[in-house]
A.B. asks: 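If you scroll down you'll find the structure; I have some questions about it.
Each chain gets a letter, A, B and so on, in the order the sequences are listed, and its residues count up from 1.
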Protein chains: 2
Amino acid sequence: MNDSCLHICEHDAPASTVESLVEHCRSKGLRKTALLVALLRLFLNSIKPISVQAIQSDSSIGDSCDTATVYRLLGRLEERGIVRRIGSHERSMHYVLNLGHNHREYLICTQCGGVEVLDFPCPVDTLEQKIARKTGYQHLYHELQFFGVCPKCA
Amino acid sequence: MNDSCLHICEHDAPASTVESLVEHCRSKGLRKTALLVALLRLFLNSIKPISVQAIQSDSSIGDSCDTATVYRLLGRLEERGIVRRIGSHERSMHYVLNLGHNHREYLICTQCGGVEVLDFPCPVDTLEQKIARKTGYQHLYHELQFFGVCPKCA
DNA sequence: GTAATTGCAAATCATTTGCTTCGTA
DNA sequence: TACGAAGCAAATGATTTGCAATTAC
């Protein structure tokens, strides 16, 4: 791998439209509600993991929606493999759209908590297959996060 | 990399002794208390991340120690770089001894929560240096976790 | 002796659950 | 209409904080 494979990715064109995602949800038994649409739109507009707090403070969701409802919908989306829960050092859970092997890796500042999205060919995919063979684990996926002190905080 | 580089690691000889770790802590301004010694011993005996709950249910710590005290000591150890907080899908925080680049990667069952420790040459280290150069982030480190369904749960 | 550490109690904050009402299909 | 989804309130669980008492150095 050479350096040109690695650059910070500020934003990418979404892989799907809100409409297609809504249809996908409906095909898995979910109903089309205002919250579902707003949530999917929010996920499509951010390739960074989103915290429940960020969801609730979003203007299109915010006051109009109960906390428990947000948690329940996120749970239903996760059960169906539409979003993925991401482990985080913060107190609250973070979620991202589940894009399978098109996922991204993150670089997180340990001082200010800022998140940058990295874009490079994932070096772990072949290893993942090897682990699956060795261990017998199924449906393998991975989470890779980098931590450090960003230039502003240093 | 060939397959022989990858095997599941059940347990390893600890990298340090309790005594040397205690001395390290003292050199960073911590006092030698019963909890500190018990905690360091617990960390040395487990290469897996330890949850606060597991710490409190440990016989050598258990009832003899207040919850708030455990949290406060873990915080002091983390500030000094002696342990590292590990992001987790569970509600509670997990910690491991900070072994720098001698860290391990984990394979976690999404069904039963079981954790296996993987032992292989980390494929991310060179990438990490590249990221440091590109982004200007300092003190870089990473967390890599694999998730899947273990043979028992499948 | 002094500053760090602890214990205890109470406060926060995230997340979950029960139950009733509402809205989509 | 029927069942999934939302709203509301209360419960649970993890983590944090204030303050007075204790202990290592």
Side-chain angles (χ1 to χ4, degrees), chain A residues 18-19 21-42 49-58 60-80 82-95 113, chain B residues 18-19 21-42 49-58 60-80 82-95 113:
Chain A
V18 177
E19 291 72 30
L21 270 175
V22 169
E23 275 319 302
H24 185 218
C25 291
R26 291 185 44 152
S27 76
K28 298 216 166 190
L30 294 179
R31 292 185 174 180
K32 179 181 183 178
T33 62
L35 177 59
L36 177 67
V37 176
L39 206 45
L40 292 175
R41 181 164 295 133
L42 193 57
I50 305 178
S51 69
V52 180
Q53 279 62 40
I55 291 169
Q56 291 184 295
S57 63
D58 182 83
S60 66
I61 296 175
D63 332 304
S64 62
C65 192
D66 185 70
T67 307
T69 304
V70 173
Y71 278 103
R72 276 192 275 232
L73 181 51
L74 285 169
R76 275 179 248 132
L77 289 169
E78 193 194 3
E79 282 168 14
R80 289 163 175 77
I82 295 158
V83 301
R84 257 185 15 206
R85 200 180 246 225
I86 297 286
S88 134
H89 284 198
E90 290 169 56
R91 269 209 280 231
S92 59
M93 277 299 165
H94 289 230
Y95 292 84
Chain B
V18 177
E19 292 74 30
L21 271 175
V22 169
E23 274 320 300
H24 186 219
C25 290
R26 292 185 44 155
S27 76
K28 298 216 167 188
L30 293 179
R31 292 184 174 181
K32 180 182 183 177
T33 62
L35 177 60
L36 177 67
V37 176
L39 206 46
L40 292 176
R41 180 163 295 133
L42 192 58
I50 305 177
S51 70
V52 180
Q53 279 61 39
I55 290 169
Q56 290 184 297
S57 62
D58 182 83
S60 65
I61 296 174
D63 331 303
S64 62
C65 194
D66 187 69
T67 306
T69 305
V70 173
Y71 278 104
R72 276 190 278 230
L73 181 51
L74 285 170
R76 277 179 247 133
L77 289 169
E78 193 194 4
E79 282 170 12
R80 290 163 175 78
I82 295 158
V83 300
R84 256 182 19 204
R85 202 179 243 222
I86 297 287
S88 135
H89 285 198
E90 292 169 56
R91 351 171 179 222
S92 61
M93 278 300 166
H94 288 230
Y95 291 85

A.B. asks: Whole Å only: how far is the CG atom of A/Leu77 from the P atom of D/dA6?
C.D. replies: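 Taking CG of A/Leu77 and P of D/dA6, I get 10 Å after rounding.
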A.B. asks: Pick base, sugar-phosphate or nothing for A/Leu36, based on heavy-atom distances below 4.0 Å to the nucleic acid.
C.D. replies: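 If one applies the 4.0 Å heavy-atom cut-off, A/Leu36 turns out to touch nothing in the nucleic acid.
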A.B. asks: Does A/Tyr71 make a side-chain N or O approach to OP1 or OP2 of C/dT15 shorter than 4.0 Å?
C.D. replies: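 Checking A/Tyr71 against C/dT15: at least one side-chain N or O falls below 4.0 Å of OP1 or OP2.
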A.B. asks: Ignoring backbone atoms, test whether A/Arg72 places a side-chain nitrogen or oxygen under 4.0 Å from the OP1 or OP2 oxygen of D/dC8.
C.D. replies: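 No, no such contact exists.
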A.B. asks: So does B/Lys28 have more than 12 non-hydrogen atoms from other groups sitting under 6.0 Å from NZ?
C.D. replies: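 More than 12 heavy atoms, drawn from other residues, nucleotides or ligands, come within 6.0 Å of this atom.
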A.B. asks: Need to verify one output field. Residue with the more 5' nearest nucleotide on DNA chain D, B/Met93 or A/Leu35?
C.D. replies: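 Nearer the 5' end of the strand: A/Leu35.
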A.B. asks: Determine whether A/Val22 and A/Arg26 make a side-chain contact, defined as any pair of heavy atoms from C-beta on separated by less than 4.5 Å.
C.D. replies: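 Yes, close enough: below the 4.5 Å cut-off.
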A.B. asks: Which comes earlier along DNA chain D counting from the 5' end, the contact point of B/Gln53 or that of B/Lys32, where each point is its nearest nucleotide?
C.D. replies: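 Final value for this comparison: B/Gln53.
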A.B. asks: Does the B/His89 side chain pair with the main chain of A/Ile86, one donor and one acceptor, at a distance under 3.5 Å?
C.D. replies: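 Pair absent, no side-chain N/O of B/His89 close to backbone of A/Ile86.
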A.B. asks: Provide, to the nearest angstrom, the distance between the CZ atom belonging to A/Arg76 and the P atom belonging to C/dT16.
C.D. replies: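 Nearest whole value for this atom pair: 13 Å.
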A.B. asks: At 4.0 Å (heavy atoms only), tell me whether B/Leu30 reaches a base, stays on the sugar-phosphate, or touches nothing.
C.D. replies: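 Sugar-phosphate, backbone atoms only, no base.
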A.B. asks: Considering every strand and a 4.0 Å limit on heavy-atom distances, what is the contact class for A/Leu73: base, sugar-phosphate, or nothing?
C.D. replies: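 It contacts nothing in the nucleic acid.
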A.B. asks: Measure the shortest side-chain to side-chain distance between B/Leu77 and B/Leu39 over non-hydrogen atoms and say whether it is less than 4.5 angstrom.
C.D. replies: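 They are in side-chain contact.
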A.B. asks: Nearest-Å distance, NE2 (A/His89) to P (D/dT15)?
C.D. replies: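 For the pair A/His89 NE2 and D/dT15 P, the rounded distance is 13 Å.
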A.B. asks: Between D/dG13 and A/Arg91, counting only base atoms on the nucleotide and side-chain atoms on the residue, is there a donor-acceptor pair under 3.5 Å?
C.D. replies: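 Not at all, since no donor on one side and acceptor on the other fall under 3.5 Å apart.
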A.B. asks: C/dT16, C/dC8, D/dT15: which one has an atom nearest the side-chain heavy atoms of B/Ala68?
C.D. replies: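 Nearest to the side chain of B/Ala68 among the choices is C/dC8.
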A.B. asks: Respond yes when some side-chain nitrogen or oxygen of A/Thr69 is under 4.0 Å from OP1 or OP2 of D/dG7, and no when none is.
C.D. replies: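 The answer is yes; a side-chain N or O of A/Thr69 sits under 4.0 Å from OP1 or OP2.
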A.B. asks: Take the protein atom OH of A/Tyr95 and the nucleotide atom P of C/dA14, then report the distance between them rounded to whole Å.
C.D. replies: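 After rounding, the reported distance stands at 14 Å.
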A.B. asks: Could you tell me how far apart B/Glu90 (CD) and D/dA14 (C1') are, to the nearest whole angstrom?
C.D. replies: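 That distance rounds to 13 Å.
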A.B. asks: From CG of A/Leu74 over to C1' of C/dT16, roughly how many Å is that when rounded to an integer?
C.D. replies: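 That distance rounds to 13 Å.
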A.B. asks: Output yes when at least one side-chain N/O atom of B/Thr33 is less than 4.0 Å from OP1 or OP2 of C/dT6, else no.
C.D. replies: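 Result: yes.
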A.B. asks: Can you tell me how far C1' of D/dT17 sits from CG of B/Asp66, to the nearest Å?
C.D. replies: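 After rounding, the reported distance stands at 12 Å.
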A.B. asks: How close or far is atom C1' of D/dG7 from atom CD of A/Gln56, stated in whole angstroms?
C.D. replies: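 Value for this atom pair: 13 Å.
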A.B. asks: Looking at A/Arg31, I'd like to know whether one of its side-chain N or O atoms comes within less than 4.0 Å of OP1 or OP2 on D/dC3.
C.D. replies: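 For D/dC3, OP1/OP2 do not have a side-chain N/O of A/Arg31 under 4.0 Å.
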A.B. asks: Regarding D/dG4, can its base be found pairing with the side chain of A/Arg26 as donor and acceptor, where the two atoms are less than 3.5 Å apart?
C.D. replies: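 Under the 3.5 Å cut-off, the side chain and the base do not form any donor-acceptor pair.
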A.B. asks: Is a donor on one side and an acceptor on the other found under 3.5 Å between the side chain of B/Thr69 and the backbone of B/Cys65?
C.D. replies: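 Not at all, since once roles are kept as given, no pair shorter than 3.5 Å links the two residues.
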